[in-house]
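Worth saying up front: this structure is predicted, and the values here are computed from it rather than measured. Throughout, residue positions are numbered sequentially from 1 according to the sequence presented.
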Amino acid sequence: MSYWHSMDWHTEGIKVVAPVKWRRFDGMVGVFWEAESQTGAKGYYLADDPRIMIFFNDVSSRVQISNEDGQFSRHSRPMTRAVYVPAGVPMWTTSKSKHRFSHLNLHLHKDRVLRFLSPSVGASAAMTALRRPVEIQDLGAIETLAGLLVDEISNPSKHAVYGENLVGSIVTGLLDIPDDDSKTANGRLTQAQMNKLQTRIDVHGDYRLTIAEMASTVGLSESWFANVFKQTTGSTPLQWQLAKRVDRAKKLLLESDLSVADIAAQLGFSDQAHLTKTFRQIAGDTPAAWRRIQQLL
């Protein structure tokens, strides 16, 4: 397949420090960059096809990324060593300090990836995997595969099928491909995953886990966890945790003599008013009124 990627991108404060190496394969393009980023450097990237970025050095303490209109103060996270970005998903980056970096970009034609994955995992699972962003810090064998591919891109010595199979191995090693018997293939968490979350949140005590902590608990990437979680529970992670905190508040109201203010403090609410507002929204009454009603029953 004759293919060249299409991507809208622009950067400020980033300069290339070595000749860019690239090679076209069947439905794939591999590009190796070596660059230097200044403090405050910015980037914007939006591709028509899915792509993979693999960094050969750890930039997580230096680079922040966002998929929310570049709002780094509210919607940013560290750049991990490997990132899979589905087609049509924008990305903004900003540098916190001056640094040099090298990374491999893989631009993938969607039909080519589907043709590669579908015979083994099925078309539905392949499509599901292509829609799921992935961000990982521990590369494991992917770093070795990426290094071999960069060597072949920089100094071609073998038939293109060698490079294409390296790309295929990176894709299968990085993408979040659902198992046939996993409910996550249908965009839902399994009962085992929900049980892990419940156990973690019980141990945590005040029911205030971040999305990153919840995603890590069930072994999923943060970038798509919230969407799958809502499909499973009908609530966002925040709403679900609030409901759990209200359930815990009910238990304390029934089984202890703690004041509403003490319960609010124990469960991590900012103050009694915060607990009262949340409790009324979920339970229909204030904590004090609910306690009185339950004592009369």
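In summary, the side chains of Q198 and K244 do present a donor paired with an acceptor at a separation below 3.5 Å, with no hydrogens or angles considered. For D262 and Q272, the side-chain atoms include no donor-acceptor pair closer than 3.5 Å. Side chains of N67 and R77: a donor on one and an acceptor on the other come within 3.5 Å.
With sequence neighbours excluded, the residues satisfying ring pair (Phe, Tyr, Trp, His ring centres under 6.0 Å) with Y44 are H10, W92. Judged as a side-chain hydrogen bond (donor to acceptor under 3.5 Å, both in side chains), and not counting sequence neighbours, the contacts of H103 are N105. Qualifying side chain to side chain contact (heavy atoms under 4.5 Å, CB included) partners for Y45, counting only residues two or more places apart in sequence or in other chains: M7, W9, T11, I14, R51, T93. D271 is linked by a side chain to side chain contact (heavy atoms under 4.5 Å, CB included) to A273, H274, counting only residues two or more places apart in sequence or in another chain. For S102, there are no side-chain hydrogen bond (donor to acceptor under 3.5 Å, both in side chains) partners two or more places apart in sequence or in a different chain. The side-chain hydrogen bond (donor to acceptor under 3.5 Å, both in side chains) test applied to R100 returns E36, not counting sequence neighbours. Looking at residues two or more places apart in sequence or on another chain, you find no ring pair (Phe, Tyr, Trp, His ring centres under 6.0 Å) involving Y84. Listed by chain and residue number, K251 satisfy the side-chain hydrogen bond (donor to acceptor under 3.5 Å, both in side chains) test with E255 (two or more places apart in sequence, or in another chain). Taking the ring pair (Phe, Tyr, Trp, His ring centres under 6.0 Å) definition, one finds that F116 meets it with nothing, sequence neighbours left out. Applying the side chain to side chain contact (heavy atoms under 4.5 Å, CB included) rule to A283 yields the partners K250, F279; only residues at least two apart in sequence or on another chain are considered.
The two atoms that bring G147 and F56 nearest to each other are N-CE2, 3.9 Å, heavy atoms only. Closest approach of L149 to V167, counting heavy atoms only: CD2-CG2, 3.6 Å. In terms of heavy-atom proximity, Y3 sits nearest to G27 at CD2-C, 3.5 Å. Residues A126 and S118 come closest through the heavy atom pair CB-OG, 3.9 Å. Nearest heavy-atom pair across S6 and D48 is OG-OD2, 2.9 Å. Scanning all heavy atoms of the two residues, the minimum distance from L275 to P287 falls at CG-CG, 4.2 Å.
In this structure a side-chain-to-backbone donor-acceptor pair under 3.5 Å is present from T80 to A82. A donor-acceptor contact shorter than 3.5 Å is absent between the side chain of Q64 and the backbone of K96. Side chain of R245 to backbone of A264: no donor-acceptor contact under 3.5 angstrom is found.
Put simply, the side chain of Q231 does not reach to within 4.5 Å of the side chain of F229, judged on heavy atoms. When side chains are defined from C-beta on, T172 counts as touching L117, because their heavy atoms get closer than 4.5 Å. Counting heavy atoms from C-beta outward, P86 and P133 have side chains that approach closer than 4.5 Å. Contact check for F269 versus T276: no side-chain heavy atoms found under the 4.5 Å cut-off. Side-chain atoms of V31 and K21, non-hydrogen and from C-beta on, never get closer than 4.5 Å to each other. Within the 4.5 Å cutoff, the side chain of T128 has heavy atoms near those of the R132 side chain. A heavy-atom distance below 4.5 Å is found between the side chains of R112 and E164. In this structure, D26 and R115 have side chains that are in contact, with non-hydrogen atoms separated by less than 4.5 Å.
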Q: Any chance you could lay out the side chain to side chain donor-acceptor pair (under 3.5 Å) test for R62 and S97, step after step, and finish with the verdict?
A: CA-CA 6 Å; R62 301 176 182 272; S97 60; 3.1 Å; yes
(Q) Walk me through whether L106 and M53 qualify under side-chain contact (heavy atoms from CB on, under 4.5 Å). (A) CA-CA 7 Å; L106 297 176; M53 300 172 62; over 6 Å; no
**Q.** Check against side-chain contact (heavy atoms from CB on, under 4.5 Å), Q137 and S60
**A.** CA-CA 8 Å; Q137 182 67 9; S60 59; 3.8 Å; yes
**Q.** Verdict with reasoning, I136 to I142, per side-chain contact (heavy atoms from CB on, under 4.5 Å)
**A.** CA-CA 11 Å; I136 63 172; I142 291 176; 4.1 Å; yes
(Q) Set out, in order, the CA-CA distance, both residues' side-chain angles and the distance that settles side-chain contact (heavy atoms from CB on, under 4.5 Å) for V113 and M28, then state yes or no. (A) CA-CA 9 Å; V113 182; M28 314 168 185; over 6 Å; no
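Cluster annotation: L108 is not connected to V161 through the hydrophobic network of ILVMFWY side chains, with a link wherever side-chain heavy atoms come within less than 4.5 Å. V17 and L104 fall into different hydrophobic clusters, where Ile, Leu, Val, Met, Phe, Trp and Tyr are joined by side-chain heavy atoms under 4.5 Å apart, directly or via other members. Both L252 and L254 are part of a single hydrophobic cluster, where members link through side-chain heavy atoms under 4.5 Å apart.
Sorted pairs that involve residues 282-294 and meet side-chain hydrogen bond (donor to acceptor under 3.5 Å, both in side chains), not counting sequence neighbours, are lacking altogether. Screening residues 137-158 for salt bridge (charged side-chain N to carboxylate O under 4.0 Å, His left out) gives R23-E152, R81-E143 as the qualifying pairs, with residues at least two apart or on separate chains.
Taken from CD in E12 to CD in Q38, the straight-line distance is 12.5 Å, to the nearest 0.5 Å. Taking CG of L253 as the reference point, atom CZ of R248 lies at 10.5 Å (rounded to 0.5 Å). Atom CE in M79 sits 8.0 Å away from atom CD in E135 (nearest 0.5 Å). How far CE of M194 is from CG of L189: 6.5 Å, rounded to the nearest 0.5 Å. Atom CD1 of I170 sits about 8.5 Å away from atom CG of L148, to the nearest 0.5 Å. We find the OG1-CD distance between T210 and Q241 to be 8.5 Å, quoted to the nearest 0.5 Å.
Between K110 and D49 no salt bridge is recorded (no basic side-chain N to carboxylate O distance below 4.0 Å).
Checked against a 6.0 Å centroid threshold, the rings of W4 and W22 count as neighbours.
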